[in-house]
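Report on one structure; see the data block that follows.
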Amino acid sequence: MSAIARGIPSTGETIPAIGMGTWITFNVGSDPYLIDQRTRVLETFLTAGGTVVDCSPMYGSSANVVGAALENLQAHDRVFSASKVWTSDQSATREQTRSSLGKWGVARFDLQQIHNLVGWQGHLETLREMKASGEIRYIGITTSHGRRHRDLARIMETEELDFVQLTYNVLDREAEERLLPIAQDRGIAVLVNRPFQGGQLFRRFEAKPLPDVAAEAGVSTWAELFLKYVISHPAVTCAIPATSKVDHMQENMAALYGNLPNASQRQELVAYVRSL
């Protein structure tokens with residue numbers, strides 16, 4: 001069975017539609033046991049066909065742990081590396097990128113993003129120069145928790161971007177109104193963070209029975225259903241859920257295969273979760 005893949009509009013390169021986030025989950029310091037456990041999580045992700053790994057300097061020790069896991073697995077060439085610039089010092093774009101590269105142990109990032117629009121004007125100018133010189137492959141801007149959508153929309157409408165990253169899930173659907181249509185119109189790839197609402201979706205619904213639409217779509221877990229809802233939107237390129245557990249990663253990666261819900265099934269899922 002083939003993995004579900006999406007094209008990056010600016011180049012046509014394809015990436016798997018399920019990636020891996022590292023917020024909180026990989027921030028485990030230097031504990032050898034925890035690093036080994038996160039290495040197993042990354043190994044499970046890669047074995048199941050994933051490539052896109054997303055991190056940020058904001059995430060504590062996560063970049064160091066990603067680097068250690070990549071080294072343990074000798075997997076540097078198996079990932080689509082997505083990092084971020086997170087500093088109000090708009091002259092520090094290259095410096096922070098170099099620091100993150102050292103932690104990851106990769107030669108260059110596939111994608112370098114401006115985290116939560118912080119200092120975006122200055123960083124974007126430098127990132128364009130870095131892309132032109134081959135220091136990075138793609139550039140993007142992120143937001144999270146449903147914040148600053150109006151600002152992000154203006155940037156998407158006026159600036160040349162390869163990627164945006166935003167929050168979208170079965171309950172947080174504001175991005176459907178403006179951001180996702182702009183991405184389609186402008187040819188911008190979309191990474192989706194918080195597809196499980198930071199775990200809140202499981203706390204609300206995991207004790208509830210799956211809706212009938214799950215069986216129709218060949219889905220057996222809430223995790224798979226939530227992720228397939230996200231990546232079935234035509235504007236979405238890749239969802240990046242985060243987990244610290246191998247079994248949860250296996251559930252996440254099941255969403256990379258099989259059928260996706262159609263438009264009516266998506267509506268049924270939304271109606272069902274609203275009714276609970």
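- In terms of modelled atom types and a separation under 3.5 Å, the side chain of R78 and the main chain of L70 share no donor-acceptor contact.
- Enclosure of atom CD in E157 by more than 12 non-hydrogen atoms of other residues, nucleotides or ligands within 6.0 angstrom is indicated.
- Of the possible donor and acceptor atoms, one in the side chain of D31 sits under 3.5 Å from a partner among the backbone N and O of Y33.
- Environment of CG in D212: sparse, with no more than 12 heavy atoms of neighbouring residues, nucleotides or ligands closer than 6.0 Å.
- The CG atom of L111 lies 9.5 Å from the OH atom of Y138; values are rounded to the nearest 0.5 Å.
- Here E95 does not pair with R98 in a salt bridge; the nearest charged N to carboxylate O distance is not below 4.0 Å.
- Judged purely by atom type and a 3.5 angstrom limit, T237 has no side-chain atom pairing as donor or acceptor with the backbone of L191.
- Listed for the Q74 side chain is a donor-acceptor partner under 3.5 Å among the backbone atoms of E71.
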**OP:** Test L171 against F205 for side chain to side chain contact (heavy atoms under 4.5 Å, CB included), laying out the working first.
**Re:** CA-CA 12 Å; L171 290 185; F205 301 118; 4.0 Å; yes
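- K84 and C55 make their closest contact through NZ-O, 3.3 Å (heavy atoms, listed as atom of the first residue, atom of the second, distance).
- Using a distance-only test at 3.5 Å, with no hydrogens or angles considered, no donor-acceptor pair links the side chain of S100 to the main chain of T97.
- Within the 4.5 Å cutoff, the side chain of N193 has no heavy atoms near those of the D54 side chain.
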Original post:
Can you check salt bridge (charged side-chain N to carboxylate O under 4.0 Å, His left out) on R40 and E43, steps first, answer last?
Top reply: CA-CA 5 Å; R40 302 283 77 79; E43 182 178 37; 2.9 Å; yes
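- Inter-residue side-chain proximity for R94 and E129 is flagged as met; some heavy-atom pair is nearer than 4.5 Å.
- Using modelled atom types and a 3.5 Å distance limit, the side chains of T167 and D172 yield no donor-acceptor pair.
- Put simply, NE2 on H115 and CD1 on I141 are 12.5 Å apart, with the number rounded to the nearest 0.5 Å.
- Donor-acceptor pairing under 3.5 Å is lacking for the side chains of S62 and N27.
- The shortest heavy-atom contact between M253 and G50 is CE-N, 3.6 Å.
- Of the possible polar contacts, none joining the S83 side chain to the Q112 backbone as a donor-acceptor pair under 3.5 Å is found.
- Using modelled atom types, one finds no donor on one side chain facing an acceptor on the other under 3.5 Å when comparing D89 with T87.
- Going from atom CD1 of I4 over to atom CD1 of I18 covers 7.5 Å, rounded to the nearest 0.5 Å.
- Without hydrogens or angle criteria, D162 side chain to I139 main chain gives a donor-acceptor distance under 3.5 Å.
- Within the 3.5 Å criterion, the main-chain N or O of G67 finds no donor-acceptor partner in the side chain of K103.
- Looking at heavy atoms from C-beta onward, R148 lies out of side-chain contact with L152 at the 4.5 angstrom threshold.
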Subject >> E251 and K245: CA distance, side-chain angles, deciding distance, salt bridge (charged side-chain N to carboxylate O under 4.0 Å, His left out) verdict >> reply: CA-CA 10 Å; E251 290 185 5; K245 301 182 184 299; over 6 Å; no
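- Look at K131 and E160 and you find no salt bridge, because none of the NZ, NE, NH1 or NH2 atoms lies under 4.0 Å from a carboxylate O.
- Residues V230 and P195 come closest through the heavy atom pair CG2-CB, 4.1 Å.
- Between the side chain of N72 and the main chain of A68, a donor-acceptor pair closer than 3.5 Å is present.
- Residues F226 and M249 share a single hydrophobic cluster, defined by chaining ILVMFWY side chains whose heavy atoms lie under 4.5 Å apart.
- The number of heavy-atom neighbours closer than 6.0 Å to CG of N259, taken from other residues, nucleotides and ligands shown, is 12 or below.
- By the 4.5 Å heavy-atom criterion applied to side chains, V246 and V41 are counted as neighbours.
- Side-chain atoms of R6 come within 3.5 Å of backbone atoms of I231 as a donor-acceptor pair (strictly under, hydrogens ignored).
- Side-chain contact check for H149 versus R178: every heavy-atom pair is 4.5 Å or farther apart.
- Nearest heavy-atom pair across A82 and Q113 is CB-NE2, 3.8 Å.
- Clustering ILVMFWY residues whenever any of their side-chain heavy atoms sit less than 4.5 angstrom apart, transitively, puts Y168 in the very cluster that holds V273.
- Taking the side chain as every heavy atom from C-beta outward, V213 and Y272 never approach each other to under 4.5 Å.
- When the side chains of ILVMFWY residues are joined at heavy-atom separations under 4.5 Å, either directly or via intervening members, L34 and I24 end up in two distinct hydrophobic clusters.
- Minimum heavy-atom separation, V53 to W104: O-CH2, 3.3 Å.
- If you take CZ on F45 and CG on N252, they are separated by 9.5 Å, rounding to the nearest 0.5 Å.
- Linking ILVMFWY side-chain heavy atoms closer than 4.5 Å, directly or via other members, places V79 and V66 in a single hydrophobic cluster.
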**OP:** Give the C-alpha distance, both sets of side-chain angles, the deciding distance and a yes or no for side chain to side chain contact (heavy atoms under 4.5 Å, CB included) between T142 and N116.
**Re:** CA-CA 5 Å; T142 84; N116 284 343; 3.8 Å; yes
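- Closest non-hydrogen pair, V270 versus R173, comes out as CG1-NH1, 3.7 Å.
- Distance CZ/R38 to OG/S61: 9.5 Å, rounded to 0.5 Å.
- Note that the CE atom of M130 and the CZ atom of R108 stand 11.0 Å from one another [nearest 0.5 Å].
- Less than 6.0 angstrom separates the ring centroid of F196 from the ring centroid of F202.
- In this structure, the side chains of M58 and W23 come closer than 4.5 Å at one or more pairs of heavy atoms.
- Here the side chains of P211 and W222 are in contact, with some heavy-atom distance below 4.5 Å.
- Residue L46 is grouped with residue F109 when hydrophobic side chains (ILVMFWY) are merged at heavy-atom distances under 4.5 angstrom, including chains of intermediate members.
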